[in-house]
Amino acid sequence: MKIEQIELREVQMPLISFFETSFGRTTLRRVILVRVFGEGLVGYGESTAPEGPFYNHESTATAWHVLQDFVVPRVFAAEISHPREVAPLLRPIRGHNMAKAAVETAIWDLYARLQGKPLHQLLGGQRKTLDCGVSIGIQESPAKLLDKIEKELLAGYQRIKMKIKPGWDVAVVREVRRRFPEILLMCDANSAYSLADLDRLKALDDFDLLMIEQPLAWNDILDHVQLQKVLRTPICLDESILDGEDARKAIDAGACRIVNIKLGRVGGYTEALRVHDVCQDRRIPVWCGGMLETGIGRAHNVALSTLANFRLPGDVSASKRYFRQDLIEPEVEVDPQGRIHVLPDAGIGFRPHLERIEQVTVRTRSLRP
Ligand code: OSB
Ligand code: MG
């Protein structure tokens with residue numbers, strides 16, 4: 001595959017309403033889109049790095065720096081015949097997985113387009129429809145949260161994830177459960193607790209939750225082992241799993257019974273497939289997480305979610321939940337049963353809306369070998 005040019009482009013996309021987690025509130029997404037040009041076609045990728053280093057180490061600005069100064073030069077310096085070769089090429093760069101994934105996923109898209117095949121097919125994905133859940137942030141009041149949940153259930157979503165933090169947890173979850181006794185419900189703490197909060201975390205066992213996502217530190221495995229020993233509710237790890245080896249260690253140690261896979265967090269498809277397979281071998285289900293992606297990242301999440309071991313509803317939801325207008329055509333839509341229908345077109349399957357992308361671009365950098 002001859003790669004002739006790589007373009008970085010920062011776009012700014014206001015969210016329809018703020019998204020709040022235990023680490024802060026997002027109102028504007030600052031995303032880096034990557035275009036990889038080769039052999040007459042273009043592949044698209046998206047850096048899911050958040051605006052500031054509060055989910056993990058990365059931010060929009062660090063991703064731009066690492067892409068421009070380290071990731072892209074390494075790609076230009078190599079001969080690439082298959083996208084599987086990209087991740088090993090980037091291995092010497094420690095961390096910065098979201099920056100790496102932006103280019104890695106774009107090269108997978110380009111390769112699939114050059115083959116004239118859908119990306120999900122190249123990955124070995126079989127699913128034609130995906131079960132969808134939603135992630136709902138911390139709200140100004142429990143009443144607002146109940147309203148939001150009701151609206152998403154009416155739209156068909158199959159599973160509700162609510163963000164929690166100390167002070168917005170047991171009492172609120174109790175209210176949600178009282179109002180919606182039968183729904184698939186889970187919590188995501190984004191590392192807001194420690195083992196000192198054991199009683200509070202144990203209290204969540206009363207609400208028949210599908211799982212609790214990342215209750216303890218973003219870089220911890222061992223404390224999660226202690227916690228899982230005393231919780232009935234399955235723990236799902238997000239922040240703590242950066243590669244297949246992390247997944248193996250966490251599962252074999254008993255730190256979790258479910259794994260959330262995010263393309264950005266693990267550095268792209270090659271490692272996402274590895275995490276998927278490590279989990280599958282150990283009969284641990286996975287699901288696809290989200291980082292408030294625009295349509296480009298969303299389309300990649302759809303492709304990934306077609307793999308067999310994505311057995312639980314993911315945070316892969318409709319474009320219109322986050323953005324007034326998304327950057328792809330068609331937008332990602334969810335049917336009244338809460339399912340996404342996978343498109344058969346080449347590459348990521350959705351067409352980038354170039355004029356709209358141009359309108360929201362705040363800086364561009366074109367790089368050549
Ligand atoms: O932990 O899953 C998370 C959004 C930003 C940062 C971290 C997380 C999230 C979400 C949103 O939960 C998922 C989505 O994109 O819908
Ligand atoms: Mg999470």
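As the structure is a computational prediction, the values presented were derived from the model and not from experiment. Counting starts at 1 for both ligands and their atoms, in listed order.
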Walk me through it: do Ile296 and Ile328 pass the test side chain to side chain contact (heavy atoms under 4.5 Å, CB included)? CA-CA 7 Å; Ile296 304 296; Ile328 49 167; 3.8 Å; yes

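Glu7 and Arg365 are not joined by a salt bridge, as no carboxylate oxygen comes within less than 4.0 angstrom of a charged side-chain nitrogen. Using a cutoff of 4.0 Å between basic side-chain nitrogens and carboxylate oxygens, Lys2 and Glu79 are not scored as salt-bridged. The pair Arg298-Glu46 fails the salt-bridge criterion, with no side-chain N (NZ, NE, NH1 or NH2) lying under 4.0 Å from an Asp/Glu carboxylate O.
Of the candidates Glu51, Glu293, Gln12, Arg29 forms a side-chain hydrogen bond (donor to acceptor under 3.5 Å, both in side chains) with just one, namely Glu51.
Met98 forms part of a hydrophobic cluster together with Phe23, Phe54, Tyr55, Met291, judged by ILVMFWY side-chain heavy-atom separations under 4.5 Å.
A cation-pi arrangement is not found for Arg30 relative to Trp64, the charged atom failing to lie both closer than 6.0 Å to the ring centre and inside a 45° cone about the ring normal.
Within 4.0 Å of ligand 1, the residues that place a heavy atom are Phe19, Phe23, Tyr55, Ser135, Lys161, Lys163, Asp188, Asn190, Glu213, Asp238, Lys262, Gly290, Met291, Leu292, Glu293, Asp315, Tyr322, listed by chain and number.
A donor-acceptor pair is defined here as one N or O able to donate and one able to accept, closer than 3.5 Å; such a pair exists between the side chain of Ser191 and the backbone of Trp218.
Evaluation of the salt bridge (Lys or Arg N to Asp or Glu O under 4.0 Å) test over residues 259-276, restricted to residues two or more places apart or in two chains, returns Asp238-Lys262, Asp238-Arg265, Glu271-Arg274.
Excluding water, every protein N/O/S atom under 2.8 Å from the Mg ion (ligand 2) is given here by residue and atom: Asp188 OD2, Glu213 OE2, Asp238 OD2.
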